[in-house]
Amino acid sequence: MAAEDLPSEFDVVILGTGLAESVVAAACARVGQRVLHLDRRSYYAANWASFTFNGLLTWIQQHQESQVEEEIKDWSNLLEKGEGLIYLSNPESTSIRNLQVFCFTSDEDEEEAQSPDSPNTTEEKAVYESEERSETKSAGLNEEETKEKPEEASDKEEKEQAAQREALEPAADKPHPSAAQSQSEPTQKNISYAHLVKEGRRFNIDLVSKLMYSHGSLVDLLIKSNVSRYAEFKNVTRILTYRHNNVEQVPCSRADVFASRQLSVVEKRKLMRFLTSCVEETEDQQAYNGRPYLEFLHDQQLGDNLQHFLLHSIAMVTEDTPTEQGLAATRHFLRCLGRYGNTPFLFPVYGLGEIPQCFCRMCAVFGGIYCLRHSVHCLLVDKNTNRCKAVIDSRGQRISCSHFVVEDGYVGEDRKVDTPPRFLSRAVLITDRSILPSDSDQQTFYFNIYLTDSLPISPQVSVVTVPPIAEGCPVVKMVELCSSTMTCIPGTYLVHLTCQSVGSAYDDLSPVVTRCFHTPDSPDQDRRPSVRWCLYFNMADGSGVEVEGHNLPSNVYVCSGPDADLGHEHAIKQAKSIFHKILPEEDFCPPAPNPEDIIYDGENTSATGDEDKDGEKTKDEAGEDKEKLEEQSIQTEE
Amino acid sequence: MEDYDYLFKIVLIGNAGVGKTCLVRRFTQGLFPPGQGATIGVDFMIKTVEIKGEKVKLQIWDTAGQERFRSITQSYYRSANALILTYDITCEDSFRCLPEWLKEIEQYANNQVVTILVGNKIDLAEKREVLRQRAEDFAEAQNMLYLETSAKESDNVEKLFLDLACELIREAKQNKLDNNDTAPMPGEGKTISYLSCCSLN
């Protein structure tokens, strides 16, 4: 904790702890490179991070405060002959915008709220974070602070933080009819805002919403590298889709198809035949190359039901996606199916923010040095070779390096290839029940939420595909997490919505939220889950960012932030390509030795070895490790 | 079948240089590595001990140097059954940082984690800066066990890990009695390798 100085020479300096950067860090350290890994933020994983509820409130607040431009110091005194300077910028100022928070919890304590007759249960309040409350800046948010603003009972306040160029609008009072809302949930307990804050540390709310394809490049890499030992995973249990104002389960495995109640016998047969046939590429399929997948599906005479399932929920493509892409996506889905469970997806326990951290741990185990709250101010460039020779860190220390890897947010706009900036729209909801309660959920639903822990429930992790709900609207992907994923507290569900931005996150996603969930804006009251708290924001879309080609030295590589895809292919591919540019001859993330296989020399024989500093020899033949990995089952349920 | 009755994950935390790695190596390998130098490529160490006829496998995780600049990943704390919070009795500063470490524990470790405070380096008694009583009071106020050790002289090192193992067994049995179907807690999920064992393709 002391302000120790960093070493002044490294092979690779990496700035930013997002997924791609962390994978590069692990890969480089694993093959013996001296790695320094920094992040300006106080937390790991950059825009891939996950937060406790309170941590997220702090994050929101930080992004709502007008960004104070850091004073650019003049480091030219550190320049040596023939060197030039490139200044880096602040990553947070550009990548997140349009934050809006809504809170629909009752402020009453639970005992009162339990009584259906209590008039207080009908009240909906919005608590919002406001700029004026700058005194809470560093302290984070505690109960008193967050309850500071509960206004008139039936008022709903809305805080609109518009795009950065907009001046701070005053909070707009927007009254909403809130009459008789209690009728819809007679026996249900309202979770109070104070309760969310109190139990805040049990939430792990991801900034990105993705899933891991069972045969995707991330899962393959986790297994190959043994990084998988740092995390635990859950199966995604259901694939759902929103259709005709209803949420339906999509049958995708053979067992699902046969068990399905929505499909007729003829449809079941057709679906099985289709799924079997599309595994192999046929001439019939090739004839559709370049034409929309929808057309191909249509010509297979599958009927509306199956066409919808296949296009939106299995291939997860749009109506105009070309057939070859649609088929490739379908095959990928089928290949992933059944490896670990009934669906092709896994989700990490404690949220996706764990994954970059797991790679950072691997890097540290192989000697990488970690320093959060520490940044790089500028690069020193050799004018003759156009290579980055060293960096100046936020303490003014000169650190030499052979390669520099950086999160794209740190690179000034003036240096980037001219790609039109794209954004993702995100929404995060805390709801009170599943969007499609399974049978056992329905049974337990009427019990006190604190009892559900001990009742036999089958918690569901669901992915929901929502086709455009109107002309010009984006395709929305929704992931609903239950409390056993350790991302939310019992009695709540955490719902993530993502789409490619058309407008602001609120514009893009609130129509879907209003339809699928119960909010004060919903047209009617029914058995849909109630939204307790929600957050909208836009995040820069990383899919268009190139690794190279920017106006940067040749040994500087740019990592993009999260993209809109459900999987992690983009980041892993990027990390791999950067690693091979730095170390063309080396293996990418070979298996780390299993601790149980390490043989130690009894004595400290030598201190001269570079990798085996403490005299241990590692036995890491890949084959043997694989077997060990298969046997090893650290946690076993059931 | 694995040949143990219990498997516990024990995680070490505390300032750099207080002797965390030395404690682990003394216990698992019976040696005291002289000089500094991070242990490259070793994730955790394993030792199986026998307590009252039951085989207990201890998986002991070290910080991998991430504590140096106060940058330990949250995921390091996840699913730990016990935490060993270490300070150096000859270094006031390492004691004064304990509240910060406790904050981190509260934030990221699971509620049921067993925490033990360890004052290391009692072989350097003449340089002691933190009185035993002070540390004991602190530990008691924070509801932690307390022990003073010397990794160098092997004082109390065995006792530290065996006491922890006993405590963990006691808790595990208690948990089983209290609640057959415990709430989802760390360990609920499965490692990828376990998941893959279940699948047929």
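In what follows, chains are A, B, ... by sequence order, proteins preceding strands, each numbered from 1.
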Scanning both residues in full, the closest heavy-atom pair of B:S75 with A:E354 reads CB-OE1, 2.9 Å

Note: A:T52 and B:Q107 closest approach over all heavy atoms is CG2-OE1, 3.9 Å

If one checks every heavy atom of A:N204 against chain B at 4.5 Å, the contacting part turns out to be side chain

In short, A:V365 meets B:V42 closest at the heavy-atom pair CG1-N, 3.7 Å

**Message:** With a sphere of 6.0 Å drawn around NZ of B:K152, does it hold more than 12 non-hydrogen atoms of other residues, nucleotides or ligands?
**Reply:** no

Whatever's closer than 4.5 Å to a heavy atom in chain A on B:S94 counts as neither

Exercise. Within a strict 4.5 Å, meaning less than it, do heavy atoms of the B:R70 and A:R373 side chains meet?
Worked result: yes

- Item | Heavy atoms of other groups near B:E54 CD, more than 12 under 6.0 Å | yes

ask   = Do A:Y370 and B:T73 have side-chain heavy atoms sitting under 4.5 Å apart?
value = no

Rounding to 0.5 Å, atoms CG (A:L6) and CZ (B:R68) come to a distance of 7.5 Å

Would you indicate whether A:R254, at its atom CZ, is surrounded by more than 12 heavy atoms from other residues, nucleotides or ligands within a distance under 6.0 Å? no

Minimal heavy-atom distance between A:I369 and B:F69, with the atoms involved, is CG2-CE1, 3.7 Å

Residues passing the salt bridge (Lys or Arg N to Asp or Glu O under 4.0 Å) test with B:D163, sequence neighbours excluded, are B:K159

If we only count heavy atoms from C-beta on, is the B:W61 to A:Y230 side-chain gap below 4.5 Å?
yes

Under a 4.5 Å cut-off applied to non-hydrogen side-chain atoms, are A:H37 and B:S71 in contact?
no

Sorted by chain and number, sequence neighbours left out, salt bridge (Lys or Arg N to Asp or Glu O under 4.0 Å) with A:R201 holds for none

Value for CZ (A:R361) from CG (B:D43), rounded to nearest 0.5 Å, stands at 5.0 Å

Would you find more than 12 non-hydrogen atoms of other residues, nucleotides or ligands less than 6.0 Å from B:E92 atom CD?
-> yes

So CD of A:Q357 and CZ of B:R78: to nearest 0.5 Å the spacing works out to 7.0 Å

ask   = Taking the side chain as C-beta and beyond, is there a heavy-atom pair between A:R229 and B:F44 under 4.5 Å?
value = yes

